[in-house]
Amino acid sequence: MGVVIESSVWEPNLALYIFIFISCLLSIFLFPYASNNNSSIKTPALFDHGFSSSFFRFQRNFLFVYSLASAMEGLWAVFGEFELAHYGVSREQMILSLGVGSAAALFVGTFLGMLSDLIGQKKVCLIFCILHLFVGIWKRIIGHPSVLVASICLSLASSIFSFSFETWVVVQHEKQGQRQDSMSDTFWLMTFFESASYIGSQVLANWLIGDNMEKNIASPSNAAILLGMISITSVTVGLKGPSQTASFKEYRVSFYSYILGDKRICLLAWAQACLHFSITVFWLLWAPTLVADGREVHLGLVYPCLLGARMLGSTLFPWLISGPSPLRTEDCLLYSFIVLGLVLSIIAYDYQEIEVLVALFCLFHGCVGLILPSLARLRTMYVPNELRGGMMSLSLAPANAAILLFMTQGVYYRNIGNAAIMAFAAMCLLTAAFGMHVLKRLGKQPYQNWHKL
């Protein structure tokens with residue numbers, strides 16, 4: 001008599017999607033009413049129609065372009081490894097391509113932020129769109145794409161994505177003389193739309209490929225080409241960018257004086273580096289962690305849960321920073337970084353059930369959704385806009401160096417285990433939390449903008 005072993009693929013409960021969706025809607029639509037109940041709290045500009053029509057038009061067009069850029073980033077994130085496996089690229093080649101991409105981000109991407117400060121953020125955003133367009137066309141022409149070329153271009157594009165759009169919108173806010181709360185709204189909206197675009201790119205890729213993988217394998221590349229062309233047109237025609245006039249010598253002197261000579265900005269840079277490193281480590285190791293010990297998991301259904309949690313975390317940002325709250329932005333970051341560090345420590349410490357892991361993953365991304373606009377808000381308070389791009393790209397250099405090291409020693413040569421890598425990321429997050437505590441002690445009450453000093 002034969003023994004039949006039944007195996008089932010774990011999938012998230014439908015109630016989780018519904019909960020995240022309803023929570024996001026309630027967080028967004030109830031906030032204006034909660035704010036209006038307290039006369040001392042001024043409703044943010046997102047729900048205030050009193051600001052200029054030119055700014056509203058810019059914000060709407062900018063979020064549209066940013067969503068397109070996020071969708072292009074998301075297409076490679078959800079489809080890249082699947083495409084490489086379809087073409088028969090080995091594990092060693094994939095790891096080599098990731099390592100080359102990390103090296104490109106470290107040795108070239110570090111200086112792209114300074115370039116954007118000198119030539120203007122709009123031109124660098126155009127470079128981002130052109131890189132994605134080039135990769136899409138390259139894949140269509142070559143058929144079996146060069147892994148290294150695609151990895152280098154997409155890594156540089158990701159480096160640009162991490163700083164150029166935020167710097168661009170901040171400079172435009174200042175140019176139009178908008179309030180601080182309107183800028184904070186734009187920050188959390190960027191995180192919200194970015195996560196939603198990632199989910200949309202997954203849906204788009206699945207729809208384009210369908211059931212005929214052999215026939216439709218190139219469809220996501222066609223979508224990237226179309227999105228790239230629309231983005232280039234929108235950036236060129238629909239949005240205005242400020243012109244830069246500072247010389248390289250003036251920029252270098254200002255950078256050493258304001259950025260490298262300010263402990264508060266160095267602490268912000270370290271926090272950004274720790275966050276970038278931990279997020280990269282998470283996306284590299286989350287799937288192997290879930291399928292450990294031969295467990296079968298529908299990863300494609302877990303992915304939108306994580307990004308939905310990130311969207312929910314971003315909607316909590318205006319609740320925490322509005323009005324006379326006893327919590328400062330540094331406090332929110334302090335507690336969020338501690339939670340992130342503890343989450344990664346639990347994941348790295350011991351085996352967990354799938355339900356527990358998914359809950360921890362969602363908590364991790366919820367905190368990330370809160371941290372991203374919070375860090376952007378602090379950068380606006382401490383970092384001169386003319387040096388913002390250089391500061392942000394330079395802050396990613398330690399993270400990219402650590403990623404390259406662990407990619408080489410941990411993933412390729414397997415000298416370091418996945419648990420050790422996650423534990424190191426957790427330690428970095430805890431040091432970032434300590435940095436936020438020090439930043440709070442170094443900061444001034446009330447906040448002072450550097451332009452008014």
Side-chain angles (χ1 to χ4, degrees), residues 3-17 20 74-99 101 147 195 198-199 201-203 205-206 209 211 213 217 220 277-310 340 342-366 368 403 406-426:
V3 178
V4 178
I5 301 177
E6 296 184 357
S7 62
S8 60
V9 180
W10 187 90
E11 298 179 358
N13 194 304
L14 180 62
L16 180 59
Y17 300 101
I20 294 176
L75 275 176
W76 176 255
V78 302
F79 181 69
E81 186 175 346
F82 174 80
E83 181 188 30
L84 295 178
H86 172 77
Y87 284 114
V89 178
S90 64
R91 175 185 178 274
E92 289 72 18
Q93 289 176 313
M94 290 184 187
I95 297 174
L96 177 62
S97 68
L98 291 174
V147 177
S195 304
Y198 281 174
I199 297 176
S201 63
Q202 181 194 29
V203 175
N206 291 334
I209 295 176
D211 297 328
M213 183 177 62
I217 189 65
F277 175 73
S278 64
I279 291 176
T280 303
V281 166
F282 176 88
W283 285 118
L284 287 174
L285 301 180
W286 77 282
T289 303
L290 277 182
V291 300
D293 301 332
R295 298 178 293 194
E296 297 185 34
V297 183
H298 203 314
L299 298 177
L301 295 180
V302 178
Y303 182 79
C305 292
L306 306 183
L307 294 176
R310 189 181 180 198
L340 288 186
L342 293 178
V343 166
L344 287 188
S345 299
I346 295 173
I347 297 172
Y349 176 71
D350 197 7
Y351 172 89
Q352 303 292 333
E353 295 294 335
I354 295 180
E355 292 82 1
V356 176
L357 282 175
V358 173
L360 291 173
F361 289 174
C362 289
L363 178 60
F364 179 91
H365 279 81
V368 169
I403 292 169
F406 284 108
M407 283 294 301
T408 304
Q409 296 298 320
V411 183
Y412 191 81
Y413 291 109
R414 298 185 179 182
N415 293 328
I416 305 175
N418 292 347
I421 297 176
M422 277 200 173
F424 182 80

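Just so it is clear, the model here is predicted, and its values are computed rather than measured. Quick note: numbers below take in every heavy atom, side chains included, and nothing from hydrogens, waters or symmetry partners. The first residue in the sequence is number 1, and the count goes up from there.
Between Leu290 and Val358 the shortest side-chain heavy-atom distance falls below 4.5 Å. Looking at heavy atoms from C-beta onward, Asn418 lies out of side-chain contact with Thr289 at the 4.5 angstrom threshold.
The two residues Pro220 and Leu75 make their nearest non-hydrogen contact at O-CD1, 4.0 Å. Here the closest non-hydrogen pair linking Ile20 and Cys305 is CD1-O, 3.6 Å. For Leu307 against Ser195, the heavy-atom pair with the smallest separation is O-CB, 3.7 Å. Listed here is the closest heavy atom pair of Ala423 and Ala348: N-CB, 3.8 Å. Contact between Pro304 and Ile199 at its shortest, heavy atoms only, is O-CD1, 3.9 Å. Summarising the geometry of Leu299 relative to Trp286, their closest heavy-atom pair is O-CH2, 3.7 Å, with the distance given to 0.1 Å.
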Let me see the working for His365 and Trp283 under ring pair (Phe, Tyr, Trp, His ring centres under 6.0 Å), right down to the final yes or no.
-> CA-CA 11 Å; His365 279 81; Trp283 285 118; 5.0 Å; yes
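Partners of Tyr198 under the side-chain hydrogen bond (donor to acceptor under 3.5 Å, both in side chains) rule, at least two apart in sequence or in another chain, are Glu194. By the side chain to side chain contact (heavy atoms under 4.5 Å, CB included) test, Leu284 is found to be paired with Leu98, Thr280, Met407, residues two or more places apart in sequence or in another chain being considered. The side chain to side chain contact (heavy atoms under 4.5 Å, CB included) check on Leu363 picks up Val339, Val343, Cys367, with sequence neighbours excluded. In this structure, the side-chain hydrogen bond (donor to acceptor under 3.5 Å, both in side chains) partners of Glu355, at least two apart in sequence or on a different chain, are Trp10. Looking at residues two or more places apart in sequence or on another chain, you find a ring pair (Phe, Tyr, Trp, His ring centres under 6.0 Å) between Phe361 and Phe282. Not counting sequence neighbours, the partners of Leu301 by the side chain to side chain contact (heavy atoms under 4.5 Å, CB included) test are Glu11, Pro12, Tyr17, His298.
Note: Phe424 and Phe406 have tilted aromatic rings, judged against thresholds of 30 and 60 degrees for the angle between ring planes.
Of the possible donor and acceptor atoms, one in the side chain of Gln202 sits under 3.5 Å from a partner among the backbone N and O of Gly300. Arg295 places no side-chain N or O within donor-acceptor distance of the main-chain N or O of Val9, the cut-off being under 3.5 Å.
From Asn206, atom CG reaches atom OG of Ser201 across 9.5 Å, with rounding to the nearest 0.5 Å. From Phe364, atom CZ reaches atom CG of Leu340 across 5.0 Å, with rounding to the nearest 0.5 Å.
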